[in-house]
Number of protein chains: 2
Amino acid sequence: MDDTTPVRAGTAAWWLARTEKADDRPRRRRMLSLDLIADTALSVLDSEGADALTMRRLAHELRCSQASLYRHITSRDELVVVAMDRAVGQGLHAPPEGLGWRRTVEWQAHSFRDFLLAHPGLVAFIRGTERLGPSSLSGMEHSLGQFIAIGLSVREAYATASAFATFVVGSVQFNMGVDTANPDEQRLRRRLYEGLDPQRYPILVANAEELSRVGSREEFEFGLAALLDAIEARITPRRPGP
Amino acid sequence: MDDTTPVRAGTAAWWLARTEKADDRPRRRRMLSLDLIADTALSVLDSEGADALTMRRLAHELRCSQASLYRHITSRDELVVVAMDRAVGQGLHAPPEGLGWRRTVEWQAHSFRDFLLAHPGLVAFIRGTERLGPSSLSGMEHSLGQFIAIGLSVREAYATASAFATFVVGSVQFNMGVDTANPDEQRLRRRLYEGLDPQRYPILVANAEELSRVGSREEFEFGLAALLDAIEARITPRRPGP
DNA sequence: ACCTGAACACCGTTCAAGT
DNA sequence: ACCTGAACACCGTTCAAGT
């Protein structure tokens, strides 16, 4: 084990070191803790956006010095990784019972997407480095159980759960910078398409009006249905071969 | 039109203003230009990562003052948006002819994914705000043509192309921080799973070894096949209803 | 008319000095 | 033993002053 080079936040090595260290961490009776710092970071990020999340701001919010923060974290990056795992935990909710597997997965995908849309400040910080944190692993454990229960192998279940996570998060992230939150955006997008060079962009120019009306929702529903159909095809028993 | 509030980089309004302004921009005979700055930014980002991309570094690289950069861009954010659209252009290649639609789309998805994996420094900066840039729209124009040609409506073609883009980019982004580039990562991930609380994470603990071996590639292939199957199902003519 | 040195108002991080 | 004021080495951005 090489302790000289610093371990990048979010890697397996890093999460491992954290869980192993947690046991012999001295009990502190002060209020300040990593969890408190992370939750404060989340609330600042959520309510005021990325620019507001500074060490100075956190220290002010927690009524301590900036230097004190570094007794619980080794860097801002590390704090973000921990905070995002907690955010994932906040976004995962138990689905209603008795829906059947397909509608259950559908519900979960929509539910998490709605959470992300409601907290745009967090979205840009989800980078996959929180995948191995306790809350994210909890979500994975749950998904694995679901997919194994309907007949997928462990390996298939993992790939499937990952693909869903990727698509739900990716869909929100990819549209965040650009989507129709601003009501003018649609009209302006139409003008943008209309004004393109018709030689180079014939389809975009010819269908400017219709294309400007397609939102990220439609893309999301298409991709989600595709993934669900793929699972359905896999668990449908095939007829015996020749 | 409200000119007082600054337009956020990457929105339709912003791309529109850029194209409209381009015409009456004075011809300059100096070498410095937005394109040159953007390309320099890309090469710095690609070879040395996000931290190296500073205005000071760019100015040094281009042998000009920092202030000169601001004659061509209004902010670093804006520069990043333009640069990323150019990067997308570099990552898109014409597929070999005569593959049939499914293998063509498959080829494109793999090709773009390989590009991203080969240029990890760029990946974190793809945020969707480059969607409306000339290179990205060129990719969209091409994809629309493909999907319309096999029978999808304009609207379906757009949602489909977007879902592919989301999934390919999202899959790389979501695994970038964490994937098996480091050969130790797999072993450490296994140890991480093994050391979890078996009450809370029974499946992860029981399948630690197998799960640690599933990489992002498997997830990618699953999702890609699912999307392709979904297209296939849509273009297969249904029998007339009752 | 064009360019830029030098400054401004910030960052994340560290550590000697306090209690 | 614990905490922190003040500094350090950076940022992105601006503008008065140069040519």
Side-chain angles (χ1 to χ4, degrees), chain A residues 4-10 14 21 24-34 36-38 40-42 44-45 48-84 121 124-125 127 129, chain B residues 4-10 14 21 24-34 36-38 40-42 44-45 48-84 121 124-125 127 129:
Chain A
T4 58
T5 48
V7 180
R8 191 158 45 96
W14 182 84
K21 230 184 291 178
D24 53 295
R25 197 186 296 161
R27 305 274 181 285
R28 331 191 91 268
R29 53 194 94 141
R30 294 282 274 92
M31 283 185 56
L32 201 59
S33 69
L34 174 55
L36 183 60
I37 297 173
T40 307
L42 275 186
V44 169
L45 204 53
E48 298 182 50
D51 289 347
L53 183 62
T54 68
M55 304 308 281
R56 280 164 178 80
R57 173 65 188 274
L58 279 178
H60 177 79
E61 211 82 24
L62 290 161
R63 283 144 188 81
C64 69
S65 72
Q66 293 171 240
S68 294
L69 298 172
Y70 287 89
R71 293 187 67 72
H72 300 86
I73 54 168
T74 66
S75 73
R76 183 180 180 275
D77 278 355
E78 184 168 279
L79 172 60
V80 168
V81 171
V82 175
M84 291 321 295
F125 285 86
R127 300 189 218 283
T129 48
Chain B
T4 57
T5 49
V7 180
R8 193 157 44 95
W14 183 82
K21 231 184 289 177
D24 53 295
R25 196 186 297 162
R27 304 275 183 281
R28 332 189 91 267
R29 52 193 96 143
R30 295 282 274 91
M31 283 185 56
L32 200 58
S33 70
L34 175 56
L36 182 60
I37 297 173
T40 308
L42 274 185
V44 170
L45 205 52
E48 297 183 50
D51 289 348
L53 183 62
T54 69
M55 304 309 279
R56 280 162 178 83
R57 174 65 188 273
L58 280 178
H60 176 81
E61 211 82 26
L62 290 161
R63 282 145 188 82
C64 70
S65 72
Q66 292 170 240
S68 294
L69 298 173
Y70 288 89
R71 294 187 68 71
H72 300 86
I73 55 168
T74 66
S75 73
R76 182 181 180 276
D77 278 355
E78 183 167 279
L79 171 60
V80 168
V81 171
V82 176
M84 291 321 296
F125 286 85
R127 301 189 218 280
T129 46

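In what follows, chains are A, B, ... by sequence order, proteins preceding strands, each numbered from 1.
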**Request:** Please indicate whether B:R57 has more than 12 foreign heavy atoms, meaning atoms of other residues, nucleotides or ligands, lying under 6.0 Å from its CZ.
**Result:** yes
**Request:** Send over the distance from B:L69 CG to D:dT14 P, rounded to a whole Å.
**Result:** 13 Å
**Complete:** From CG of B:L58 across to C1' of D:dC11 the rounded distance in Å is 13 Å
**Message:** Could you tell me the Watson-Crick or G-U partner of C:dT14, where both distances fall under 3.5 Å? Say none if there is no partner.
**Reply:** D:dA6
**Asked** Out of D:dT13, C:dT4, D:dT4, which nucleotide sits closest to the side chain of B:S75?
**Response** D:dT13
**Request:** Could you check how far CD of B:Q66 sits from P of D:dG12, rounded to whole Å?
**Result:** 8 Å
**Item:** Among C:dG5, C:dT13, D:dC11, the one nearest B:A67 by side-chain distance
**Value:** C:dG5
**Prompt:** Where the side chain of B:S68 is concerned, which of D:dC3, D:dG12, C:dC3 is the nearest nucleotide?
**Reply:** C:dC3
**Asked** What is the pairing partner of D:dT19, taking Watson-Crick or G-U wobble pairs with both distances under 3.5 Å in any strand?
**Response** C:dA1
**Any donor-acceptor N/O pair, B:H72 side chain to B:I37 backbone, under 3.5 Å** = no
**Message:** Rounded to whole Å, please give me the gap between CZ in A:R56 and C1' in C:dA9.
**Reply:** 11 Å
**Prompt:** Rounded to the nearest Å, what distance is computed from the CD atom of residue B:E78 to the P atom of nucleotide D:dG12?
**Reply:** 15 Å
**Prompt:** Between D:dT13, C:dT4, D:dC3, which nucleotide gets closest to the side-chain atoms of B:R76?
**Reply:** D:dT13
**Whole-Å distance separating the OH atom of B:Y70 from the P atom of D:dC15** = 13 Å
**Request:** Check the distance between C:dC3's P and B:R63's CZ and give it to me in whole angstrom.
**Result:** 17 Å
**Item:** Interatomic distance where CE belongs to A:M55 and P belongs to D:dC11 [whole Å]
**Value:** 19 Å
